[in-house]
Amino acid sequence: MSDAHPLIGQIKSALDTPALIVDLDVLDANIKRVADTCRTHGVGWRPHMKGHKTPEIAHRQLGAGAIGVTCAKVSEAEVMAAASIRSILIANEVVGAAKVRRLIDLVGPADPIVGVDSLVSVTELSDAASAHGKTLKVAIEVNTGMNRAGVEPGAPTLALAAEIAKRPGLRLVGLFGWESHACTLPDLAEKERTVKEAVGKLTATARACREAGHGIEVVSCGGTGTFPYCIQQPGVTEVQIGGAIFSDRHYREHYHMDFPFALTVLATVTSRPTPTRIVLDAGRKTMPGDAAMPQPLGLPAVAAMRLSAEHAKIELEHPSDAPRIGDKIEFVVGYHDTTVHLHEEIVAVRKGRIEAVWRVSARGKIK
Ligand SMILES: Cc1ncc(COP(=O)(O)O)c(C=O)c1O
């Protein structure tokens with residue numbers, strides 16, 4: 001689709017708005033930084049795709065050395081498989097007959113690994129896989145301190161591993177955890193210590209599982225907010241760092257990450273009701289401010305900004321003729337994860353010119 005797009009070669013200000021834009025030089029540099037850091041530490045990179053939801057970006061990551069993708073949902077995994085990506089970790093529990101059937105159907109066309117953290121789920125997956133004559137790879141989700149899903153490290157994980165080993169249709173291949181409780185820690189030494197402690201629980205449990213005879217090949221953790229510490233922990237085989245490739249104000253301000261911003265929204269000034277007020281055609285349905293507010297670029301000093309569903313309203317500190325109605329303003333996104341899935345396309349731009357238009361094929365894939 002991107003080859004045939006009439007906008008290719010045009011300057012980005014030619015875009016109709018609102019438009020979601022990725023700067024390719026920044027995207028590629030962010031991808032390279034994560035890929036190189038993983039390579040240096042001998043750890044695989046299996047980026048989470050929940051943020052970009054776009055096969056072209058997944059292929060760009062694979063081209064840079066990623067070993068596969070991480071998904072949150074079966075329907076996301078289906079989109080990745082349809083784009084010829086085989087190695088997929090679904091870092092989540094998949095429960096219920098309809099979804100489990102779709103998961104089993106992916107075994108063959110792709111090579112999925114799915115999370116489990118209960119006997120109930122193990123039983124459902126084992127019954128479905130054996131009924132269809134397939135072997136499904138599973139990884140136990142371990143609670144390393146985030147306190148969301150996951151089995152406790154140590155004995156409880158070993159007990160679930162032993163149950164999986166008895167079940168037909170399943171093969172235990174690994175363990176995974178997500179040390180998200182460390183993301184917001186402002187003190188880097190404390191963040192490093194917290195990641196080390198959390199991931200240490202995962203790697204120690206992996207060792208114990210191997211000693212008990214389980215073939216643990218995958219020990220997966222990590223995310224942008226714990227970069228680069230998650231990569232440096234001995235015993236980790238792969239990390240799931242996803243959103244770093246885009247970066248955003250949430251990661252910058254709350255996770256203290258220095259990745260340059262690759263993702264912006266272009267909006268048009270549609271009204272100037274007063275010399276200090278600017279109204280634009282992009283609101284919460286285009287660029288949410290839930291985790292952090294989008295940041296307008298190139299404006300005089302801003303006193304306040306509010307988003308309604310379809311409008312942004314900016315109050316300048318001082319009266320100004322600029323920008324004028326019809327001018328286009330770019331915003332750094334607040335949080336890419338709640339922004340990208342609202343858009344049908346990402347426009348890929350290099351040095352101000354449109355190079356490709358990518359479909360966000362997994363938008364809406366929440367099952
Ligand atoms: C299972 C899992 N892994 C990793 C991550 C980190 O993703 P990202 O690097 O995009 O912040 C998350 C984020 O919420 C997650 O839920």
Side-chain angles (χ1 to χ4, degrees), residues 22 27 30-31 33-35 37-38 43-54 57-58 60-61 66-74 76-77 80 88-94 112-117 138-151 174-185 191 194-195 198-199 202 218-231 233 236-259 261-263 290-292 333-341 360 362 365-366:
V22 70
L27 177 75
N30 287 344
I31 288 176
R33 179 170 165 196
V34 179
T37 309
C38 288
V43 170
W45 182 32
R46 188 189 288 278
H48 213 307
M49 54 65 70
K50 69 189 169 63
H52 65 68
K53 288 182 169 271
T54 304
I57 295 180
R60 235 175 164 82
Q61 294 171 316
I67 59 168
V69 295
T70 303
C71 298
K73 299 295 179 88
V74 173
E76 290 176 334
M80 293 292 108
I88 301 170
L89 170 65
I90 302 175
N92 203 352
E93 288 69 39
V94 172
I113 304 170
V114 67
V116 289
D117 74 348
V138 298
I140 299 178
E141 179 167 7
V142 179
N143 176 22
T144 58
M146 175 197 195
N147 295 332
R148 188 169 65 184
V151 190
L175 307 182
F176 71 96
W178 168 217
E179 62 288 354
S180 79
H181 55 296
C183 289
T184 54
L185 295 172
K191 184 183 266 200
T194 306
V195 172
V199 176
L202 185 69
V218 173
V219 181
S220 173
C221 67
T224 303
T226 61
F227 176 91
Y229 309 118
C230 56
I231 297 170
Q233 306 310 315
V236 170
T237 66
E238 56 185 69
V239 291
Q240 301 170 19
I241 293 158
I245 64 164
F246 287 147
S247 190
D248 55 41
R249 294 194 77 206
H250 172 55
Y251 283 154
R252 181 69 58 85
E253 285 166 25
H254 305 136
Y255 292 179
H256 320 290
M257 288 291 138
D258 66 352
F259 286 91
F261 301 128
L263 201 63
D290 55 341
V333 302
Y335 185 30
H336 74 281
D337 207 342
T338 52
T339 302
V340 174
H341 76 110
V360 185
K365 301 300 182 192
I366 52 174

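Counting convention: from 1, in listed order, for ligands and their atoms alike.
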key: Pair Thr194, Glu179: side-chain N/O donor-acceptor within cut-off below 3.5 Å   = no
query = Of Lys50, His48, His250, which has the heavy atom at the shortest distance from atom 13 (C) of ligand 1?
reply = Lys50
Set of salt bridge (charged side-chain N to carboxylate O under 4.0 Å, His left out) partners for Arg252, sequence neighbours left out = none
query = If you measure from each non-hydrogen atom of Ile241 to ligand 1, which part falls under 4.0 Å: side chain, backbone, both or neither?
reply = backbone
message = Quick check on Arg148 - does any of its heavy atoms sit under 4.0 Å from an atom of ligand 1?
response = yes
message = Regarding ligand 1, does Gly243 bring an N or O atom to under 3.5 Å of one of the ligand's N or O atoms?
response = yes
inquiry  = Please determine whether any non-hydrogen atom of Gly222 lies less than 4.0 Å from an atom of ligand 1.
reply    = yes
remark   = Nearest heavy-atom contact between Cys221 and Val199 is SG-CG2, 3.9 Å
message = Less than 4.0 Å is my threshold; does some heavy atom of Phe176 fall inside it relative to ligand 1?
response = no
ask   = Could an N or O of ligand 1 be found under 3.5 Å from any N or O of His336, whether backbone or side chain?
value = no
query = Has ligand 1 got any nitrogen or oxygen that is less than 3.5 angstrom from a nitrogen or oxygen of Gly242?
reply = yes
remark   = protein heavy-atom neighbour closest to atom 5 (C) of ligand 1 works out as Trp178 CE2, 3.6 Å
key: Closest protein heavy atom (residue, atom, distance) for atom 8 (P) of ligand 1   = Tyr251 OH, 3.3 Å
remark   = Taking every heavy atom of Gln240 against every heavy atom of Ala91, the minimum-distance pair comes out as OE1-CB, 4.0 Å
query = Does Lys365 NZ have over 12 foreign heavy atoms under 6.0 Å away?
reply = no
query = So which heavy atom on Lys191 is nearest to which on Tyr255, and how close?
reply = NZ-O, 3.1 Å
message = If you apply the rule side chain to side chain contact (heavy atoms under 4.5 Å, CB included), what do you find for Val340 with Leu263, and how did you get there?
response = CA-CA 9 Å; Val340 174; Leu263 201 63; 3.7 Å; yes
ask   = What is the closest protein heavy atom to atom 3 (N) of ligand 1, and at what distance does it sit?
value = Gln240 OE1, 2.6 Å
request  = List the atom of Ala72, the atom of Ile90, and the distance in Å for their closest heavy-atom pair.
outcome  = O-CG2, 3.9 Å
Distance filter under 4.0 Å to Thr224 heavy atoms, resulting ligand 1 atoms = 8 (P), 9 (O), 11 (O)
ask   = Below 4.0 angstrom, N of the basic side chain to O of the carboxylate: do Arg33 and Asp258 qualify?
value = yes
remark   = Note: ligand 1 atoms sitting under 4.0 Å from heavy atoms of Gly223 are 6 (C), 9 (O)
